[in-house]
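Right, one structure below, let's go through it.
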Protein chains: 2
Amino acid sequence: MNKSTLYKGCLEPIIMRLLKDNGRMYGYQITQMVKELTKGELQITEGALYPLLHRLEEQGVVETEMENIGNRVRKYYTLTKAGKKQTSVAMDELKMFMQSLNLIVNPKLA
Amino acid sequence: MNKSTLYKGCLEPIIMRLLKDNGRMYGYQITQMVKELTKGELQITEGALYPLLHRLEEQGVVETEMENIGNRVRKYYTLTKAGKKQTSVAMDELKMFMQSLNLIVNPKLA
DNA sequence: TACCAATACATAAGGATGTTATGTATAAAT
DNA sequence: ATTTATACATAACATCCTTATGTATTGGTA
């Protein structure tokens with residue numbers, strides 16, 4: 001069992017949460033923030049991140065702006081109004097899920 | 001985003017944990033216990049459970065005994081010695097993962 | 001008693017999600 | 001001058017779970 005298998009399926013709510021907290025972020029920044037927040041535990045791969053962000057854009061969850069930084073381009077992502085609502089729902093579900101996990105891992109504390 | 005997508009990848013440690021706590025269990029019993037423990041939140045499908053159990057057996061994580069209940073057969077699963085060790089590791093990883101999730105979902109509490 | 005729900009196993013086809021590998025390009029550090 | 005970090009993107013592949021289907025016994029209920 002690969003360790004990184006665990007967060008399969010949790011990436012989307014994680015990213016939505018970060019966007020809700022930080023307003024406007026670009027892809028690379030998201031990977032770095034997740035790494036920092038989790039002290040290196042979760043490392044989002046680019047192959048997972050970028051397709052996911054594109055999908056969220058297609059679905060109208062986020063919208064994008066390009067910004068030039070010197071000769072380089074950054075693509076900033078922001079939650080749309082609909083995206084914010086969906087994020088609230090996703091957060092409730094994620095918290096429920098975490099509680100469920102807790103009920104299994106620590107049945108006595110519950 | 002389907003709600004059930006969340007625990008993709010967490011099923012294996014969940015099942016190992018239940019086997020560690022309860023010693024000896026059969027498949028259907030596992031699905032029922034997860035449902036009860038999580039108050040209906042997590043419902044393991046048979047299509048996910050049985051192939052997983054078979055894989056764990058192949059890998060020597062669990063061993064099985066058949067038991068006849070009337071005219072029906074139950075297949076009981078027990079962790080092997082190696083399986084118990086792997087379960088400890090898996091639990092540490094799962095707890096780490098849960099902490100990481102918490103650091104993202106509740107950055108201020110951390 | 002006929003039918004449906006619950007119990008109990010199993011597997012195959014398909015979908016969703018992530019990894020690994022690869023490619024392009026600029027900027028900073030050594 | 002070369003490597004590392006920044007910054008995007010995509011394709012092939014693997015993994016994991018869902019949905020659907022199949023078999024069979026047991027218990028409840030109309």
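Naming convention: chains lettered A, B, ... in sequence-line order (proteins, then strands); numbering from 1 in each chain. Keep in mind it's a predicted model, so treat the numbers as computed, not measured.
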Between [N] and [X], is there an OP1 or OP2 to side-chain N/O distance shorter than 4.0 Å?
X       : N      : answer
B:Arg55 : D:dC16 : yes
B:Tyr7  : D:dT18 : yes
B:Asn71 : D:dT26 : yes

Can you list everything that forms a salt bridge (charged side-chain N to carboxylate O under 4.0 Å, His left out) with B:Glu63? Sequence neighbours excluded, please.
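For B:Glu63 there are no salt bridge (charged side-chain N to carboxylate O under 4.0 Å, His left out) partners, ignoring immediate neighbours.
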Open item on the list: If the condition is salt bridge (charged side-chain N to carboxylate O under 4.0 Å, His left out), which residues does B:Arg17 pass it with, not counting sequence neighbours?
Closed with: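 Once residues adjacent in sequence are excluded, the partners of B:Arg17 under the salt bridge (charged side-chain N to carboxylate O under 4.0 Å, His left out) criterion are B:Asp21.
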Distance in angstrom units between [X] [atom1] and [N] [atom2], rounded:
X       : N      : atom1 : atom2 : value
A:Leu11 : D:dC16 : CG    : P     : 16 Å
A:Ile30 : C:dG18 : CD1   : P     : 13 Å
B:Leu52 : D:dT15 : CG    : C1'   : 11 Å
B:Ile44 : D:dC16 : CD1   : C1'   : 13 Å

Qualifying salt bridge (charged side-chain N to carboxylate O under 4.0 Å, His left out) pairs with a residue from residues 81-91 of chain A, counting only residues at least two apart or across chains: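 Qualifying pairs, neighbours excluded: none.
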Checking only heavy atoms, does the side chain of A:Lys8 share a donor-acceptor pair with the base of D:dT15 at less than 3.5 Å?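 Donor-acceptor pair under 3.5 Å: yes.
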Under a 4.0 Å heavy-atom criterion, the protein footprint on nucleotides 4-11 of chain D, written with B, S and -, is -SBSBBB-
Side-chain donor/acceptor of A:Thr80 to backbone N/O of A:Gly60, under 3.5 Å:
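Flag set: sc A:Thr80 to bb A:Gly60 pair under 3.5 Å.
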With a cut-off of 3.5 Å and sequence neighbours excluded, list every side-chain donor-acceptor pair involving residues 28-36 of chain A.
| residue | atom | partner | partner atom | Å |
| --- | --- | --- | --- | --- |
| A:Gln29 | OE1 | A:Tyr26 | N | 3.1 |
| A:Thr31 | OG1 | A:Tyr28 | O | 2.5 |

What's in the same ILVMFWY side-chain cluster as A:Met66, cut-off under 4.5 Å, chained through other members?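 Same cluster as A:Met66: A:Val73.
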